[in-house]
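Bear in mind that the values here come from a model prediction, so they are computed numbers and not experimental data.
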Amino acid sequence: MENNGEKRNEVMKLYNIFYICKSCLPAIKDVDISTYSNDNNTVFIKNWLNCKISLDVLKNIECFREKIHELYKLLDWRINLDVPKLPTIDKNAFFRNLSAISYAVETLVNLCDELEMGKTESGIDVKILKCNSLKEYVGYLKEIDFIFTQCPYLLHDKEEIKFKNVDVGSQWLVFAITGITASFYILNNLAKLIQKAIAISSNILVYRQQEETLKEMQLKGEVLEETVDVFKKFKQTLLENCVSDLENDIGKLQNGEERDKVKKTLEDMVVLMDKGVEIYSSIETPKEIKVLFPMDKDNAILPDNITKLIEDKESVTDKE
């Protein structure tokens, strides 16, 4: 969906930057460039490939990109060797560049520690584009609040969506899921709701536009009320069919009120996404849940190398 011509904002959550930096830092600090060959004309760079994996991840964060490119230039064709060799004359330049990167990453990690960013949990990250007024911002919040607190498929006797914070210096809203069950009930259902909203988005938006146009024409006496009602019924039929699909997939709803809330949830999701709102699973959500979220799959904010780094970290943690 296009967002009225607005350019997509690729700014990461600060917590995600913190998480990535903290994951990458050990490999950067583990590089050893102190071993010389017998003639003292060559320096060997040990533990380089692990460092490069982390540097490739950090390149996705703009403030590190230029420094890393400068470092890579020094290695040139040797960049993918397990233990690259450099002429001793280039040692200081390499060490200076790598140290600058390490220092910048460590400084950011320490800053975030000072801000007590703590540890995130499996949950939901919602990105809102920059608002031009408080009223616009509050409007987003009201619709998001309805979805997370009123939709029957996001309510559970053990799990609960809790507002956690607004990420520092951004438009990210952070929600944690408390009391998560083995089935990840809320996150699974939220992913299915988003998938359904994306599938029906173009139809719903067309219906809404036609409704507005017909209402204006009705006020001018150009169309009959019956014509407006026909388009309303088209939209309601589409939403009813989508709710029936969800009932078959997730579970039966109790009554008409619950069905209406799910219909409103789907319609609100479509409108929010059309305005540029994006809903992701949090960075530490297990992979098997994360892949269910449609926006996570196309998320330029967390490219494949970052995802792999997270998976590798989770794998090491599981073994400990």
### Message
Testing L58, N60, I61, D167 one by one against I17 for a side chain to side chain contact (heavy atoms under 4.5 Å, CB included), which residue passes?
### Response
I61
#### Entry: Contact summary for I180 and S122, nearest pair of heavy atoms
CD1-CB, 3.5 Å
### Message
With salt bridge (Lys or Arg N to Asp or Glu O under 4.0 Å) as the criterion, how do K67 and E70 come out once you've worked through the C-alpha distance, each side chain's angles and the decisive distance to 0.1 Å?
### Response
CA-CA 5 Å; K67 289 184 177 72; E70 289 300 315; over 6 Å; no
### Task
Report the residues that fulfil side-chain hydrogen bond (donor to acceptor under 3.5 Å, both in side chains) with K261, sequence neighbours left out, ordered by chain and then residue number.
Q150
### Task
State, to 0.1 Å, how close Y185 and L155 come at their nearest heavy-atom pair, and which atoms those are.
CE2-O, 3.5 Å
### Message
Any salt bridge linking D145 with K142? Criterion: basic side-chain nitrogen under 4.0 Å from a carboxylate oxygen.
### Response
no
### Task
Give a yes or no answer on whether the side chain of Q195 reaches the backbone of L292 with a donor-acceptor pair at less than 3.5 Å.
yes
### Task
Take L71 and F94, measure what side-chain contact (heavy atoms from CB on, under 4.5 Å) needs, and give me the verdict at the end.
CA-CA 6 Å; L71 182 74; F94 181 88; 3.6 Å; yes
### Message
Less than 4.5 Å apart, side chain to side chain, heavy atoms only: is that true for L86 and K91?
### Response
no
### Query
Do T285 and S282 have side-chain atoms, one donor and one acceptor, less than 3.5 Å apart?
yes
### Task
Apply the side-chain hydrogen bond (donor to acceptor under 3.5 Å, both in side chains) test between T181 and each candidate in E159, H156, K158; give the one that qualifies.
E159
#### Entry: side-chain contact (heavy atoms from CB on, under 4.5 Å) evaluation trace for V57 with F64
CA-CA 10 Å; V57 170; F64 300 123; over 6 Å; no
### Summary
Closest heavy-atom pair, I279 versus M295, reported as atoms and distance to 0.1 Å, is N-SD, 3.1 Å
## Note on the structure
In terms of heavy-atom contacts, I177 and G123 come closest through CG1-CA, 3.8 Å
### Task
Working to the nearest 0.5 Å, report the span between CG of L49 and OG of S54.
11.5 Å
### Task
Check the surroundings of atom OH in Y72: do more than 12 heavy atoms from other residues, nucleotides or ligands lie under 6.0 Å from it?
yes
### Message
What verdict does the ring pair (Phe, Tyr, Trp, His ring centres under 6.0 Å) test give for Y140 and Y137, after you've listed the backbone C-alpha separation in whole Å, the side-chain angles of each residue and the deciding distance to 0.1 Å?
### Response
CA-CA 5 Å; Y140 282 125; Y137 185 66; 7.6 Å; no
#### Entry: L238 side chain near K235 side chain, heavy-atom distance below 4.5 Å
no
### Task
Applying side-chain hydrogen bond (donor to acceptor under 3.5 Å, both in side chains), name anything that partners D268, two or more places apart in sequence or on another chain.
K264
### Query
Can Y15 be reached from L115 by stepping across I, L, V, M, F, W or Y side chains whose heavy atoms are under 4.5 Å apart?
yes
### Message
Pair L193, L154 - check side-chain contact (heavy atoms from CB on, under 4.5 Å), show working.
### Response
CA-CA 10 Å; L193 286 163; L154 301 180; 3.9 Å; yes
### Task
Indicate yes or no: at least one non-hydrogen side-chain atom of E267 is less than 4.5 angstrom from one of V270.
no
### Query
If you measure from CZ on R96 to CD1 on I101, what distance do you get to the nearest 0.5 Å?
12.5 Å
### Query
Which of these, F175, Y153, F163, sits in a ring pair (Phe, Tyr, Trp, His ring centres under 6.0 Å) with F148?
F175
## Note on the structure
Correct closest heavy-atom pair for L129 and Q171 would be O-NE2, 3.3 Å
#### Entry: Closest non-hydrogen atom pair, K22 against P26
O-CD, 3.3 Å
### Query
Is the number of heavy atoms from other residues, nucleotides or ligands within 6.0 Å of CD (E114) greater than 12?
no
